[in-house]
Number of protein chains: 2
Amino acid sequence: MSELPKYYGYKMRILEMIADLPPGSLIPTERALALDFGTSRTTIRKAIGELVAEGKLTRTQGSGTYTGGPKITHVRQLTSFTEDAKAIGYTPSSEILDIEQLHVDDSHAVEAQHMNLSHGDPFVRVKRVRLGNGEPLGLETACIPGELEGFAGHLRERGSLYATLREDFGIRITEVEDGVETHLAGPEEARLLKVEMGSPLLRIDRTGFDDDGRVVEWTVGHFCGDRFRFVARTRAAVA
Amino acid sequence: MSELPKYYGYKMRILEMIADLPPGSLIPTERALALDFGTSRTTIRKAIGELVAEGKLTRTQGSGTYTGGPKITHVRQLTSFTEDAKAIGYTPSSEILDIEQLHVDDSHAVEAQHMNLSHGDPFVRVKRVRLGNGEPLGLETACIPGELEGFAGHLRERGSLYATLREDFGIRITEVEDGVETHLAGPEEARLLKVEMGSPLLRIDRTGFDDDGRVVEWTVGHFCGDRFRFVARTRAAVA
DNA sequence: CGGGGTGATTGGTCTATGCCAATCTTGGGG
DNA sequence: CCCCAAGATTGGCATAGACCAATCACCCCG
């Protein structure tokens, strides 16, 4: 046995094959590749599986396997998805899945903890799919403490959560703390983001503070690992 | 056929099984689970595979499959690994794999681009494994432009790259830009970080600037997705 | 000429099985 | 009593094949 698994060798060979192809090119079928390489379809699928997870290939049942999507999508996440995406010539949009004015109960333990809320306190929760140039990039759930009258209408009109909070409710976020971890796509995320189950995602949670240091926003988002890049610029506070 | 794949159901059942177990507990063998659930070992392996990728299980050939490690390790990456890790009561250390004083040639295209260097310009490159409480957390390669005399010795003594630059070479980093993406572990990363090939990692690249806006550091790191959390705190610059 | 149905194609999932490599266990020899 | 060698156990890799579901192309019918 050689050092590396066979499937890894085939992965590299496929990587060479697709290196020069334009995005969206159809590659040979799994059965054909297995035959060509003299291996089994299972092994080819494992090789292709990793390339898919890396965003270098996409596969569609019944159709075929194609070379990677439109390419990497750099998106700054420094202040707001909408505002930053525009700044780099990217067309952002959102599809609102759900807006609710809620009151904290036992099912909101996580939200309450992050926003320092108690049982019965009001907050708004918005669930959205974030799109870039029409393609789904991420799934975001934002929570804002308080009772926000007519919030849904304002948000739909402006498109941007931050703009809505600022212009319609006088809520200004002056400092944010972002946390980034990895996460694997579950059934819901896979469906909404159009990726395979188990695909690596970036889980980005954000806590927004106002001038008085109060939490005025808490958001959790899951973004496609291969299409998204989180960027933070920080003035070093160290002496 | 139900909506969800079978392996996903088994994954959830295994998740329940291990929910109450302390970290490090041995779970039944793959063959036993396959028999119990009335399915094939292949399917069980797929279920366990995802749980491993999520950090909930670890498996060792010849030994068995065990419940997840010591739990999530929050690490701030705001200024410096060493300094921040200490601040939250975590014992950081590094294992230096390689230190080189180099001059830009054709093989350093990426490095040169990020540091705005030209052919022949000198820079130092350090490759380290970052450890937290003795466990490998990440693999980092740092590049610093310039000719740094006695750099290796100073770094080994101080342990911290930032402290070395500051104290021994008068290089002060006042602003950093961090980029975060996902990345799957390749053979080398898998070996050094003690994770499986294909495990999701956080790829964190950092560009450090001095007061004059010059690039004085460029670093790329790969960190275990399940043991690491990137945190950035930003004063919103938006009007 | 247009539209819809039908079958071939292709990826998605699962089974059953074999062998390899790392680890652990056990027992015998020094 | 300790150490180590050999066998049993366990995960790691790969094979061959079956059936399902989504898609696509083509042909037939209106």
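Here is how names work: the chains are called A, B, and so on, in the same order as the sequence lines, proteins then strands, and each is numbered from 1. Any value given below was found using the heavy atoms of this structure, including those in side chains, with hydrogens, waters and symmetry copies removed.
- At whole-Å resolution of the value, CG in B/Leu26 and C1' in D/dT10 are 10 Å apart.
- Taking only distance into account, the side chain of B/Arg59 never meets the base of D/dG12 through a donor-acceptor pair shorter than 3.5 Å.
- In this structure, the nucleotide among D/dA14, C/dA16, C/dG12 sitting nearest to the side chain of A/Thr39 is D/dA14.
- When all heavy atoms are compared, the tightest approach of B/Gly64 to B/Leu26 is CA-CD1, 4.0 Å.
- In this structure, B/Tyr7 places its OH atom 17 Å from C1' of C/dT15, rounding to the nearest Å.
- Proximity of B/Arg41 to the phosphate of C/dA16: no side-chain N or O atom is located under 4.0 Å from OP1 or OP2.
- In terms of position along DNA chain D, the nucleotide closest to B/Gly62 lies nearer the 5' end than the nucleotide closest to the other residue of the pair B/Gly62 and A/Tyr8.
- Here the C1' atom of nucleotide D/dT10 and the CD1 atom of B/Ile48 are 11 Å apart, to the nearest Å.
- Rounding to whole angstrom units, NZ of residue B/Lys6 and C1' of D/dC19 are separated by 11 Å.
- Minimum interatomic distance between B/Arg229 and A/Gly179 (heavy atoms only, all atoms of both residues): NH2-CA, 3.7 Å.
- For B/Arg45, a side-chain nitrogen or oxygen approaches OP1 or OP2 of D/dG12 to under 4.0 Å.
- Side-chain nitrogen and oxygen atoms of B/Thr65 include none within less than 4.0 Å of the OP1 or OP2 phosphate oxygen of D/dT10.
- Within 4.0 Å of B/Thr29, counting heavy atoms only, lie sugar-phosphate atoms of the nucleic acid but no base atom.
- For A/Lys46 and C/dT13, the NZ to C1' distance is 16 Å, given to the nearest whole Å.
- In this structure, B/Glu217 has no salt bridge (Lys or Arg N to Asp or Glu O under 4.0 Å) partners at least two apart in sequence or on a different chain.
- Picking from D/dA14, C/dT13, C/dA22 the nucleotide with the shortest atom distance to the side chain of A/Thr43 gives D/dA14.
- A straight line from CD1 of A/Ile44 to C1' of D/dG17 spans 16 Å, rounded to a whole angstrom.
- Candidate nucleotides D/dG11, C/dG12, C/dC14 were compared by shortest atom distance to the side chain of A/Glu30, and C/dG12 ranks first.
- Computed from coordinates, the B/Gln61 CD to D/dA14 P distance equals 12 Å when rounded to whole Å.
- The separation between B/Arg31 atom CZ and D/dC13 atom C1' is 12 Å, rounded to whole Å.
- In the interface, the side chain of B/Thr42 is paired with the base of C/dA16 through a donor and an acceptor atom under 3.5 Å apart.
- Among the atoms of the strands shown, only primed sugar atoms or phosphate atoms (P, OP1, OP2) are found under 4.0 Å from some heavy atom of B/Ser63.
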Worked check of side-chain contact (heavy atoms from CB on, under 4.5 Å) between A/Glu188 and A/His222: CA-CA 11 Å; A/Glu188 187 192 17; A/His222 292 99; over 6 Å; no
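- The existence of a salt bridge linking B/Arg45 and B/Glu196 is excluded, since no basic side-chain nitrogen approaches an acidic carboxylate oxygen closer than 4.0 Å.
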